[in-house]
Amino acid sequence: MNLSILFTELPLLDRPAAAAAAGFTAVEMWWPFDGPTPPARALRALRSAIEDAGVQLVALNFDAGDMANGDRGVLTRTERFLANVDVAVELAGSLGCRILNALYGNAEPGTTETDHAGRRKVAVANLAHAARKAADIGATVVVEALNSHENPRYPLTSSRHAFELIDQVGMDNVKFLADLYHLHRMGEDVLELLDTQAHRFGHVQIADDPGRGYPGSGRMPYREIFSRLGAYARHVGLEYRHEGQGAFDWRNG
């Protein structure tokens, strides 16, 4: 379950214990700090909160900029991204986390095709650097597609876009983060994707469409999705929004 989008009524350092109390043994999160290189005391506090709660951190985003104000990654902002790589890899390694998500980043208004090509070269180089560092701790770097309805300037809006970037990097530990909510919002057949491309997945996240609520709150075929995911012997991240009680009642249905 994603601690950056669930239990948001609690301070971040209280959320690992809340996840454990709700019956979860594994958590994930977006980069939870204001910048790429937080103070050592902040890293220690987060590490302690996770360890003390007895949960496993299974996925962590690299620094993605100011997410609350619309940023969606800094992969093509080389100085900031590279400053974060060692910090994020060290934090992940210390907690046994083996999935690191590198959001691509928004295109600037007025970006030309030439600009896009230049940014792609930067993204490929920076992903390769991150993957080499991640390999030192046995981790995989994942690339995510986001829907354009909520993220109109994000360039990777389909599995095809993400796979093209992954193929350009050409490293075994760069894989696809299949966020089924975003893909479904873009009209993809998520069942077919699970049937044909699961071998290329590094991680899966779920929410229902429309609304980004818990599975079963929208119109996605979650009975069939869960059937497919039964053969996916890895963690699946809960990245849905919910306020109030009953956030996990669907698990008993």
Side-chain angles (χ1 to χ4, degrees), residues 2 4-5 28-31 59-78 80-82 84-85 88 99-131 134 139-190 192-194 196-207 209 212 220 236-237 239:
N2 195 308
S4 297
I5 196 170
E28 61 181 38
M29 64 178 62
W30 304 338
W31 186 246
L60 174 69
N61 281 21
F62 287 110
D63 174 35
D66 188 348
M67 294 275 284
N69 285 319
D71 284 351
R72 291 295 181 268
V74 295
L75 182 58
T76 59
R77 291 157 59 182
T78 297
R80 178 162 180 162
F81 182 76
L82 296 186
N84 178 243
V85 167
I99 299 294
L100 288 155
N101 181 22
L103 287 169
Y104 192 95
N106 293 329
E108 294 299 322
T111 300
T112 66
E113 286 301 316
T114 300
D115 295 331
H116 278 302
R119 293 179 79 239
R120 176 57 67 94
K121 290 180 180 178
V122 171
V124 168
N126 288 344
L127 270 174
H129 173 80
T140 295
V141 175
V142 291
V143 174
E144 182 176 10
L146 304 181
N147 77 78
S148 62
H149 308 288
E150 298 166 80
N151 310 278
R153 295 191 290 117
Y154 192 81
L156 307 182
T157 57
S158 69
S159 58
R160 178 178 62 81
H161 291 156
F163 287 139
E164 287 173 353
L165 176 60
I166 291 164
D167 289 342
Q168 279 187 274
V169 179
M171 297 178 67
D172 290 342
N173 69 326
V174 179
K175 296 183 179 294
F176 182 47
L177 195 169
D179 186 311
L180 302 186
Y181 164 76
H182 285 296
L183 297 167
H184 190 269
R185 280 219 70 184
M186 294 304 294
E188 293 207 37
D189 184 335
V190 295
E192 181 181 8
L193 191 69
L194 287 164
T196 63
Q197 300 297 330
H199 64 286
R200 303 197 67 181
F201 295 177
H203 191 48
V204 173
Q205 292 174 332
I206 61 173
D209 176 34
R212 198 170 184 171
M220 291 176 65
V236 174
E239 202 180 49

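Heads up: numbering here begins at 1 and tracks the sequence. Here the structure is a predicted model, which means the values were calculated and not measured.
- Thr140 contributes atom OG1, which lies 5.5 Å from atom CG of Asn173 (distance to the nearest 0.5 angstrom).
- Among Asn2, Val236, Val142, the one residue that satisfies the side chain to side chain contact (heavy atoms under 4.5 Å, CB included) test with Gln205 is Asn2.
- Surrounding CG of Asp167 are more than 12 heavy atoms belonging to other residues, nucleotides or ligands, all under 6.0 Å away.
- Checked by atom type and distance alone, the side chain of Asn101 never pairs as donor or acceptor with a backbone atom of Trp30 at under 3.5 Å.
- Put simply, the side chain of Leu193 reaches to within 4.5 Å of the side chain of Phe201, judged on heavy atoms.
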Note to self: Evaluate Tyr181 against Glu239 for side chain to side chain contact (heavy atoms under 4.5 Å, CB included), listing each step before the verdict.
What the structure shows: CA-CA 9 Å; Tyr181 164 76; Glu239 202 180 49; over 6 Å; no
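- Minimum interatomic distance between Val74 and Gly65 (heavy atoms only, all atoms of both residues): CG1-N, 3.8 Å.
- Salt bridge status for Arg77 with Asp63: absent, with no side-chain N to carboxylate O gap under 4.0 Å.
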Item checked: Steps toward side chain to side chain contact (heavy atoms under 4.5 Å, CB included) verdict (Val174, Val143) -> CA-CA 7 Å; Val174 179; Val143 174; 4.2 Å; yes
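- In this structure, the side chain of Asn151 does not engage the main chain of Tyr154 through any donor-acceptor pair within 3.5 Å.
- Annotation: side chain to side chain contact (heavy atoms under 4.5 Å, CB included) contacts of Ala128 (sequence neighbours excluded): Arg132, Val169, Met171.
- Donor-acceptor pairing under 3.5 Å is lacking for the side chains of Thr76 and Asn126.
- Taking 4.5 Å as the limit, some side-chain heavy atom of Val204 sits within range of a side-chain heavy atom of Leu180.
- Looking at His161, its side chain does come within 3.5 Å of a backbone N or O of Thr157 through a donor-acceptor pair.
- A donor atom on one side chain and an acceptor atom on the other are not found under 3.5 Å apart for Gln197 and Ser159.
- A distance of 10.0 Å separates CD in Gln168 from NZ in Lys121, rounded to the nearest 0.5 Å.
- The nearest pair of heavy atoms linking Gly70 to Asn106 is O-ND2, 2.8 Å.
- Listed here is the closest heavy atom pair of Gly105 and Pro155: O-CD, 3.2 Å.
- Taking the side chain as every heavy atom from C-beta outward, Arg212 and His182 approach each other to under 4.5 Å.
- Taking both residues in full, the closest heavy atoms of Phe176 and Ala145 are given as CE1-N, 4.2 Å, listed atom of the first, atom of the second, then distance.
- Between Leu100 and Phe62, some side-chain heavy-atom pair lies under the 4.5 Å cut-off.
- For the residue pair Ser158 and Leu183, the shortest heavy atom distance occurs at C-CD2, 4.3 Å.
- Note: Met186 CE to Asp179 CG = 12.5 Å, rounded to the nearest 0.5 Å.
- Taking the side chain as every heavy atom from C-beta outward, Met67 and Leu103 approach each other to under 4.5 Å.
- Leu156 has its side chain out of reach of Glu144: every pair of non-hydrogen atoms, C-beta onward, lies at least 4.5 Å apart.
- Within the 4.5 Å cutoff, the side chain of Arg80 has no heavy atoms near those of the Asn84 side chain.
- Between the side chain of Asp71 and the backbone N or O of Asp66 there is at least one donor-acceptor pair closer than 3.5 Å.
- Under the 4.5 Å side-chain criterion, counting only non-hydrogen atoms from C-beta, Leu60 is not in contact with Glu28.
- Distance alone, capped at 3.5 Å, places no donor-acceptor pair between the Arg119 side chain and the Leu75 backbone.
- Nearest heavy-atom pair across Lys175 and His199 is NZ-O, 4.3 Å.
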